[in-house]
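Report on the structure given below.
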Amino acid sequence: IYITTPLYYVNAEPHLGSAYTMIITDTLARYYRANGRETFYLTGTDEHGDKIFQAATAAGVPPKEFTGRVSAAFRDIWDQCGFTYDHFIRTTDAYHVRYVQEFLTKVYNAGDIYFDRYSGLYCFGCERFYTEKELVGGKCPDHLTEPTLIEEENYFFRMSKYQDRLLRHLEEHPDFIRPEGFRNEVMAMLREPIGDLCISRPKNRLTWGIEIPFDQRYVTYVWFDALINYVSALKYKGQAAFEKFWPEAQHFIGKDILKPHGVFWPTMLMAAGLPLYKHLNVHGFWTVEGQKMSKSLGNVISPLAMKEKIGMDAFRYFVLRESVFGQDADFREESLTARYNADLANNLGNLVSRVLAMQDKYFSGIVQPLSGNWHSEDVELRDKFHQAEEELKQHMQSLQFHRALESVWAAIDHANRYTVQTSPFVLFKDPAKRGRVGEILHHLLEVIRTSGRLIGPFLPDTAKELHALLAIPAGATNAQVPWGSFFVPGHKVLPPKVLFPRIETDPNA
RNA sequence: CGCGGGGUGGAGCAGUCCGGUAGCUCGCAAGGCUCAUAACCUUGAGGUCCCGGGUUCAAAUCCCGGCCCCGCAACCA
């Protein structure tokens, strides 16, 4: 399977939004890897364009150096977050530039790129064209000046030629773009004329870009520059990689860039004679405390700050559990704390802690044997986890991360109930029943082992820690050994540890 | 104008595609337990599932109509 994120534009810091895309894709990548699927997970940075050039100039460094620096910073942040991308692409990478030019040449030779004169209202302040609709009272909304009518010659991509074919593709593949709402939106776009796409900028207006291979006076503009990364990265890995992964391509994007990915990109692929990606998966936006996230409001959530504050795993858990894929969600301090305390500290954390405490206290950590004679509640407990795993599988298919986690937690909940029902801490007082106590704890250790395996893609550090507490060697953690036959006689687990300290909230606040 | 999303116990949200006991977290009330992170377990109170019509044996869920709320300049997922 091939998983991609958008390329992040290097003039801004990573924030909750981009982190969300990363968390989703990282979780999926980990999930598929854990299930033995060959996985290629791609992210990177978009480094061309005017804004970058200006930022570089302002910083007093050549653009190449500037983007190198910012891109590295980006990558560093993702690494600190622990995202497991397989390749990090930069639009300034030589192989990418080369492939973009190859792509352009191919489409040009096929006759789908033409040269034309066009005129429009241009704002010199913004260095861009405006449509009548975008203007406020006939003026540029940013500079409040009247734009100038200028004529320019540029290259255009014959996008309209592929409109019908794309529409048909969407009709024949209802899940090409998902969730459905976004597919409908693209369908609506395709029922209107989509026109052709301007894909160049003359160098006198923009130099920091990829040169059009058949006209040195021009550079190409965002779409051909950036979108093509999804293919160029694979080509870089070799034709075999391309053939293996491209048919399994799953793009993940935010709803803001639906049109480029839902309309421009597939038509570009058609023009280049390449097969289309498999799915475009579109997610919603986050608001913060009910408000739009923006720099001016200063409410931007930084992933590293969250890591610092409650830990990366807890942050991942929150965004995956609290949002419904495809819909907008709200980031609230209060919900974050509530989720953390309820699900991570009280449920999972406390369960692990109580089980390991008993195991330690009663048997010095030595796992006790299981007799062939299981009680009905033992069977029920195991079945709950089997059920959770089945449900998890289904929900991952449909990107319902919140439900996948819900399923796992339903099983963990049950394990807490099982502990009270079977009451090993009461039975232990009767020396005759200690054998049974050992069995109960054995089952509960299986709970921890299985939980670790199930939450691995979502909460990788926690999973690792659970397995470490069980003294399971790193290589053996994923073994799908049947419930009850994993722990060999004499296996010793570690004493308890507080995984998620409760966050005390001030009742007077 | 148009497009999209939403309206579910006190709060925040799932569930709606594939109709059939309305679920989760927090909060509230009563009880239990003592292994555990003052955690855990049980029970309870609290719901016209926005409104109206339709389909159906059966509608939060499907269909039609209406009301209300949010987003759709830029940065940006």
Side-chain angles (χ1 to χ4, degrees), chain A residues 5-9 11-25 51 126 128 130 133-136 140-142 174-175 178-182 184-185 188-189 192 252-258 282-287 290-296 300 321-324 326-330 332 334-335 337-362 398 400 402-403 405-406 409-410 413 415-429 437 440-441 444 496-505:
Chain A
T5 75
L7 296 188
Y8 303 105
Y9 207 52
N11 69 344
E13 290 270 299
H15 57 283
L16 177 58
S18 35
Y20 177 55
T21 316
M22 292 304 285
I23 290 173
I24 284 174
T25 46
K51 272 170 198 137
C126 307
R128 58 163 284 201
Y130 277 96
K133 247 165 74 178
E134 289 175 311
L135 298 174
V136 178
C140 160
D142 266 358
D175 59 353
R178 54 186 184 181
E180 205 184 352
F182 294 108
N184 294 341
E185 233 175 292
M189 292 174 196
E192 300 293 319
F252 284 82
I253 61 164
K255 64 180 184 180
D256 55 328
I257 45 177
L258 176 61
V282 188
H283 70 247
F285 276 12
W286 283 89
T287 52
Q291 287 195 299
K292 208 167 164 179
M293 194 169 50
S294 77
K295 282 173 199 162
S296 36
V300 173
R321 178 64 184 81
E322 199 72 5
S323 66
V324 179
Q327 294 192 11
D328 290 355
D330 191 28
R332 283 172 178 268
E334 212 185 303
S335 331
T337 315
R339 279 278 171 221
Y340 177 92
N341 279 340
D343 298 350
L344 298 179
N346 297 351
N347 260 317
L348 176 62
N350 184 54
L351 175 71
V352 170
S353 161
R354 71 200 300 198
V355 170
L356 291 179
M358 287 188 272
Q359 189 65 46
D360 184 50
K361 209 180 287 182
Y362 301 160
S398 49
Q400 301 290 296
H402 68 297
R403 297 178 78 173
L405 286 170
E406 202 177 28
W409 254 260
D413 261 356
N416 267 318
R417 232 168 289 144
Y418 170 88
T419 309
V420 173
Q421 271 169 20
T422 55
S423 297
F425 40 86
V426 174
L427 298 184
F428 190 75
K429 290 172 186 156
V437 172
I440 292 168
L441 291 178
L444 285 168
K497 180 178 175 188
V498 173
L499 295 174
F500 300 100
R502 272 182 67 84
I503 299 170
E504 295 308 332
T505 47

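Atom set for the values below is all heavy atoms of this structure, side chains included, hydrogens, waters and symmetry mates excluded. Here is how names work: the chains are called A, B, and so on, in the same order as the sequence lines, proteins then strands, and each is numbered from 1.
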| task | Compare side-chain N and O positions of A:K255 against OP1 and OP2 of B:G4 and report whether any pair is under 4.0 Å apart. | result |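 Checking A:K255 against B:G4: no side-chain N or O falls below 4.0 Å of OP1 or OP2.
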| message | Taking only side-chain N and O atoms of A:Q327, does any of them lie within less than 4.0 angstrom of OP1 or OP2 on B:G6? | response |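 Yes, within the criterion.
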Calculate the interatomic distance between [X] atom [atom1] and [N] atom [atom2]; express it in whole Å.
{"X": "A:R339", "N": "B:A11", "atom1": "CZ", "atom2": "C1'", "value": "14 Å"}
{"X": "A:Q400", "N": "B:C24", "atom1": "CD", "atom2": "C1'", "value": "15 Å"}
{"X": "A:N347", "N": "B:C40", "atom1": "CG", "atom2": "P", "value": "7 Å"}
{"X": "A:E185", "N": "B:G71", "atom1": "CD", "atom2": "P", "value": "16 Å"}
{"X": "A:R321", "N": "B:U25", "atom1": "CZ", "atom2": "P", "value": "9 Å"}
{"X": "A:E406", "N": "B:C24", "atom1": "CD", "atom2": "C1'", "value": "6 Å"}
{"X": "A:N184", "N": "B:C3", "atom1": "CG", "atom2": "P", "value": "12 Å"}
{"X": "A:L258", "N": "B:C72", "atom1": "CG", "atom2": "P", "value": "17 Å"}

Select base, sugar-phosphate, or nothing to describe what [X] touches, counting heavy atoms under 4.0 Å on all strands.
{"X": "A:Y20", "answer": "nothing"}
{"X": "A:V324", "answer": "sugar-phosphate"}
{"X": "A:W286", "answer": "base"}
{"X": "A:L356", "answer": "nothing"}
{"X": "A:H402", "answer": "sugar-phosphate"}
{"X": "A:G17", "answer": "base"}
{"X": "A:F182", "answer": "nothing"}

Between [N] and [M], how far apart are the two [atom1] atoms, rounded to whole Å?
{"N": "B:A77", "M": "B:G7", "atom1": "P", "result": "28 Å"}
{"N": "B:G15", "M": "B:G9", "atom1": "C1'", "result": "15 Å"}
{"N": "B:A59", "M": "B:G54", "atom1": "P", "result": "12 Å"}
{"N": "B:A22", "M": "B:G31", "atom1": "C1'", "result": "26 Å"}
{"N": "B:A29", "M": "B:A45", "atom1": "P", "result": "16 Å"}
{"N": "B:C26", "M": "B:C67", "atom1": "P", "result": "39 Å"}
{"N": "B:A14", "M": "B:C24", "atom1": "P", "result": "16 Å"}
{"N": "B:C40", "M": "B:U48", "atom1": "P", "result": "30 Å"}

| query | Want to settle it: does A:G181 or A:A342 sit nearer the 5' end of RNA chain B, counting the closest nucleotide to each? | reply |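 Its nucleotide being nearer the 5' end, the pick is A:G181.
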Ignoring hydrogens, what is the shortest heavy-atom contact between [X] and [Y]? Give both atom names and the distance.
{"X": "A:L258", "Y": "A:V282", "result": "CD1-CG2, 3.8 Å"}
{"X": "A:A415", "Y": "A:L444", "result": "O-CD2, 4.0 Å"}
{"X": "A:D360", "Y": "A:P496", "result": "CB-CD, 4.3 Å"}
{"X": "A:T419", "Y": "A:T422", "result": "O-OG1, 3.6 Å"}

| task | When you get a sec, tell me which of B:C76, B:U25, B:A77 is the closest nucleotide to the side chain of A:S18? | result |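 When the side chain of A:S18 is considered, B:A77 is the closest of B:C76, B:U25, B:A77.
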| message | I want to verify a distance call: between B:U25, B:C41, B:C76, whose nearest atom is closest to the A:R417 side chain? | response |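 So the side chain of A:R417 is nearest to B:C41.
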With a 3.5 angstrom cut-off on both distances, give the Watson-Crick or G-U wobble partner of [N], or none if there isn't one.
{"N": "B:A29", "value": "B:U43"}
{"N": "B:G71", "value": "B:C3"}
{"N": "B:G12", "value": "B:C24"}

| Counterpart residues, salt bridge (charged side-chain N to carboxylate O under 4.0 Å, His left out), relative to A:E185 (two or more places apart) |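 Per chain and number, A:E185 pairs via salt bridge (charged side-chain N to carboxylate O under 4.0 Å, His left out) with no residue.
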| field | Non-neighbouring partners of A:S18 that pass side chain to side chain donor-acceptor pair (under 3.5 Å), sequence neighbours left out | value |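 Checked A:S18 against side chain to side chain donor-acceptor pair (under 3.5 Å); zero matches.
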| field | Spacing of A:K255 atom NZ and A:D328 atom CG [to the nearest 0.5 Å] | value |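 Nearest 0.5 Å value for the NZ-CG distance: 3.5 Å.
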Check: [X] side chain, [Y] main-chain N or O, donor-acceptor pair, under 3.5 Å:
{"X": "A:Y340", "Y": "A:P501", "result": "yes"}
{"X": "A:W286", "Y": "A:L16", "result": "no"}
{"X": "A:S353", "Y": "A:G349", "result": "no"}

Please enumerate all protein N or O atoms sitting under 3.5 Å from an N or O of nucleotides 34-38 of chain B, with distances to 0.1 Å.
unit_1 : atom_1 : unit_2 : atom_2 : d
B:C35  : O3'    : A:K361 : NZ     : 3.2
B:C35  : O2'    : A:R354 : O      : 3.4
B:C35  : O2     : A:R354 : NE     : 3.0
B:C35  : N3     : A:R354 : NE     : 3.4
B:C35  : N3     : A:R354 : NH2    : 2.6
B:C35  : N4     : A:R354 : NH2    : 3.1
B:A36  : OP1    : A:K361 : NZ     : 3.0
B:A36  : O3'    : A:S353 : OG     : 3.4
B:A36  : O2'    : A:N350 : OD1    : 2.5
B:A36  : O2'    : A:S353 : OG     : 3.0
B:A36  : N1     : A:R354 : NH2    : 3.3
B:A36  : N3     : A:N350 : ND2    : 3.2
B:A36  : N3     : A:R354 : NE     : 3.3
B:U37  : O2     : A:F500 : O      : 3.2
B:U37  : O2     : A:R502 : N      : 3.2
B:U37  : N3     : A:F500 : O      : 2.7
B:U37  : O4     : A:G349 : O      : 3.2
B:U37  : O4     : A:F500 : N      : 3.4

